[in-house]
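Worksheet: the structure to be examined is printed underneath.
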Amino acid sequence: MDASEGSGRKDFIRTIIEADLKNHKHETVVTRFPPEPNGYLHIGHAKAICLNFNIAEEYGGVCNLRFDDTNPVREEEKYIQSIKEDVRWLGYDWGEREFYASDYFERLYQFAVKLIQKGKAYVCDLTAEEIREYRGTLTAPGRNSPYRDRSAEENLDLFERMKNGEFADGSRVLRAKIDMASPNLNLRDPVIYRILRARHHRTGDKWCIYPTYDFTHGQSDSIEGITHSLCSLEFEDHRPLYDWFIEQLEIFHPQQIEFARLNLTNTVMSKRKLLDLVQSGQVDGWDDPRMPTLCGLRRRGYTPEAVRDFCSRIGVAKRESVVNMALLEHCLRQDLNDRAPRVMAVLNPLKVIIDNYPQDQEETLPFQNHPEDPDMGSREVPFSRVLYIEKDDFREDPPKKFFRLAPGREVRLRYAYYITCVGVDKDEQTGEVEALHCTYDPATRGGGSPDGRKVKGTLHWVSAAHAAEAEVRLYGPLFSEPESGEKTDKAVKREVNPDSLQVLTGCRVEPSLKGAAPGSLYQFERIGYFCVDVKDTTDRLPVFNRAVSLRDTWARIQKAQEPKG
RNA sequence: UGGGGUGUCGUCAAGUGGUAAGACACGGGCCUUUGGAGCCCGCAUUCGGAGGUUCGAAUCCUCCCACCCCAGCCA
């Protein structure tokens, strides 16, 4: 694998792990991906998933899937299903190693009891507001709770009664007894258990007290024998607390290593902001193809291979960064270039009549499914007198470097014939071009020229009488500005990019696309990669989502030609 | 004004005292029955800043600056 080959391309986490293995600090590697089942996974999670699962595989270890389900009011079974589906889709298999923090509730309770017995935890009757007030500030130390010095016996009794449901929700908490003057706020007697009468999706009504995340995560890692607990930067401050629990409890000590989470240009990554987009109706649900969610990317046409390639290319480090969306798109193009069958589709049809092609004649022409991969075979595509080409492929008054069709100009129809534009039909009122008249050269059948003459352009086309109708959805960046406001709240309030979705109706696709399987991927030649939409495609009308466009050199030339202003 | 982090090309990112990898993007060329793909070339005399140590520093020392995280009974 990558980690063992190459010299300079190992990230700091793998460097640490290799040292630990070499020193025999650990003989094996156990990692985990620990999502909270309260939302859908996005590309940022994919970074963590790939990191944890790949490391386990590279070093001959294992990776657990563990749901950190310690807050029943926010978590739901449906998220567990979607998370499992997404991890599986990415191509990872956790085998039997599917765990739940809630499976450890009994043990966690015993851990808490142990802390109380050691005089390291106490039941506190302060209200939430009072606790906050007693905590102090960033610069001022906190004050001890008046309940801090209760005896172990009293604490044990109270804690048991908390568990037994004798007290009202929120009336008391169990706190670790550490140091109210610590400059690290996490060490100022943090709450480790709260009373919460909420039905848990897995343990039902068995518990009315729940451990906090801080009291759960590290110990769950310990219980599972996680050697390297990889998490995001914001937990750096919590590490001393987790270490304190582990030491007090005298249990296996996993090593936490923090890395920077993924940010991407022109989108947002936080669950809250994504939820805002969904709830405000600015997008069409979690799997809207514009969303950076895994279900959104999947529906858009992203492949797990492309996502994994992306995750391996972005690297892992501690500095916070924003990766350019162009890299993600590049990964998809690279993957799909090899695998997507090529087809013809005309998004904005312009009628072309081949004047010298016999009225009632039609024929079939062989097309390669992939010009660089003969193994993908070929197909027959019908040709006839009336065709459609792309509106953009004709200019009555062509600018410099425009290689496509124009009056008097000859171009090649892909795999078909050379045609020359001999006339333009226009609407008398508007002057809009309605159809083109062309002549074809029968000697160029298949697209080659026996006399060796060259044409500068090759156009895609469909036969009007044979083509199928389709709806095509073109997607652009969710937000128009690169810094999409991972940092500021107003960013989400800003509307999504008005050009993020463009729906094209009346598109014409070659007949082989009739009945294309939902989810299947194609390259529309000269346009981009498209995925048959799994939700809205019907028997009568296929819907195609543009996963990513092809690199468009002409667009760049045009842009360069634009008068600057 | 407390604590914890981070600062290397437009964007990611290697480099850990021996004289700045790679990728994306960008620019140029070749090739081409996708203006696609592929191929070739170019792209940081410089590593947040200023001093210092050293024959030699992005790497060590000092000071300074900028940015991020922390005051949930969220995770």
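Residue numbers start from 1 in every chain, and the chains themselves are labelled A, B, ... in the order their sequence lines are given, proteins ahead of strands. All figures in this text were calculated on a predicted structure; none of them were measured in a lab.
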Which is true for A/Phe259 with a 4.0 Å heavy-atom rule: it touches a base, it touches only sugar-phosphate, or it touches nothing? nothing
Scan A/Arg135 against the nucleic acid and name what it touches under 4.0 Å (heavy atoms): base, sugar-phosphate only, or nothing. sugar-phosphate
Atom-to-atom span, CG of A/Leu185 to P of B/C73 - whole angstrom: 11 Å
To the side chain of A/His330, which of B/C24, B/G7, B/A71 is closest? B/C24
Given RNA chain B, 5'-ward residue of the pair A/Thr15 and A/Lys271, judged by closest heavy atom: A/Thr15
Between B/C73, B/G5, B/A23, which nucleotide gets closest to the side-chain atoms of A/Lys318? B/G5
Is there a donor and acceptor pair, one atom on the side chain of A/Arg556 and one on the base of B/G35, closer than 3.5 Å? no
Heavy-atom side-chain proximity of A/Trp207 to A/Lys163 below 4.5 angstrom: yes
Relative to each other, are the rings of A/His42 and A/His45 parallel, tilted or perpendicular (30° and 60° limits)? tilted
Do A/Arg202's NZ or CZ and the ring of A/Tyr100 fall within the cation-pi criteria of under 6.0 Å and 45°? yes
Just call it for A/Arg333: base, sugar-phosphate, or nothing, with non-hydrogen atoms closer than 4.0 Å on any strand. nothing
Indicate, with a heavy-atom threshold strictly under 4.0 Å, whether A/Val548 touches base, sugar-phosphate, or nothing. nothing
Look through every strand shown and name the nucleotide pairing with B/G2 as Watson-Crick or G-U wobble, where both distances are under 3.5 Å. B/C70
Whom does B/U32 pair with, Watson-Crick or G-U wobble, provided both distances fall under 3.5 Å? none
Under 4.0 Å, heavy atoms only, any strand: does A/Lys401 hit a base, just the sugar-phosphate, or nothing? base
Answer yes or no: side-chain N or O of A/Arg526 and base N or O of B/U33 forming a donor-acceptor pair under 3.5 Å. no
Identify whether any heavy atom of A/Leu459 sits under 4.0 Å from a base atom; if not, whether one sits that close to sugar-phosphate; answer base, sugar-phosphate or nothing. nothing
Which is true for A/Leu126 with a 4.0 Å heavy-atom rule: it touches a base, it touches only sugar-phosphate, or it touches nothing? base
Under 4.0 Å between any heavy atoms, over every strand shown, what does A/Ile131 touch: base, sugar-phosphate, or nothing? Just pick one. base
Counting any heavy atom closer than 4.0 Å, what does A/Glu329 reach on the DNA or RNA strands: base, sugar-phosphate only, or nothing? nothing
Parallel, tilted or perpendicular for A/Phe524 and A/Phe544, by the 30°/60° rule? perpendicular
Compare side-chain N and O positions of A/Thr553 against OP1 and OP2 of B/G36 and report whether any pair is under 4.0 Å apart. yes
On the ring face of A/Tyr134, is A/Arg143 found with NZ or CZ under 6.0 Å from the centre and within 45° of the axis? yes
Nearest to the side chain of A/Thr458 - B/U33, B/C24, B/A75? B/U33
For B/G7, what is the paired nucleotide under Watson-Crick or G-U wobble rules, both distances under 3.5 Å? B/C65
Comparing A/Thr139 and A/Glu372 on RNA chain B - which has the more 5′ nearest nucleotide: A/Thr139
Using a cut-off of 4.0 Å on non-hydrogen atoms, how would the nucleic acid contact of A/Pro34 be classed: base, sugar-phosphate, or nothing? nothing
Of all the choices, B/G3, B/G35, B/A25, which nucleotide is nearest to the side chain of A/Pro183 once you look at every atom? B/G3
Out of B/G36, B/A75, B/A25, which nucleotide sits closest to the side chain of A/Gln523? B/G36
Closest to the A/His238 side chain, choosing from B/G72, B/A75, B/C12: B/A75
Which of the following nucleotides, B/G36, B/C12, B/G3, is nearest to the side chain of A/Val322? B/C12
Carboxylate-amine/guanidinium proximity below 4.0 Å for A/Arg379 and A/Glu510: yes
Under a 3.5 Å limit on both distances, the Watson-Crick or wobble mate of B/U59 is none
Base, sugar-phosphate, or nothing for A/Thr70, non-hydrogen atoms under 4.0 angstrom? sugar-phosphate
Searching all strands shown, indicate the nucleotide that pairs with B/U53 (Watson-Crick or G-U wobble; both distances under 3.5 Å). none
Does the A/Thr458 side chain pair with the main chain of A/Arg412, one donor and one acceptor, at a distance under 3.5 Å? no
Of the listed B/C12, B/G5, B/A75, the closest approach to the A/Glu236 side chain comes from B/G5
Report yes if a donor N or O on one partner sits less than 3.5 Å from an acceptor N or O on the other, where the partners are the side chain of A/Asn184 and the base of B/G4; otherwise report no. no
If you look at every strand shown and take non-hydrogen atoms under 4.0 Å, does A/Leu138 touch a base, only sugar-phosphate, or nothing? base
Chi class for B/G28: syn within 90° of 0, otherwise anti: anti
Thinking salt bridges, do A/Lys177 and A/Asp189 make one under a 4.0 Å N-O criterion? no
Measure CZ/A/Phe67 against P/B/A75 and give the value in whole Å, please. 16 Å
Taking B/U34, B/G36, B/A13 as options, the one with an atom nearest any side-chain atom of A/Ala317 is B/A13
B/U11, B/A75, B/A13: which one has an atom nearest the side-chain heavy atoms of A/Glu36? B/A75
Heavy atoms under 4.0 Å, any strand shown: does A/Ala128 hit a base, just sugar-phosphate, or nothing? base
Under 4.0 angstrom, heavy atoms only, what part of the nucleic acid is A/His460 near: base, sugar-phosphate, or nothing? nothing
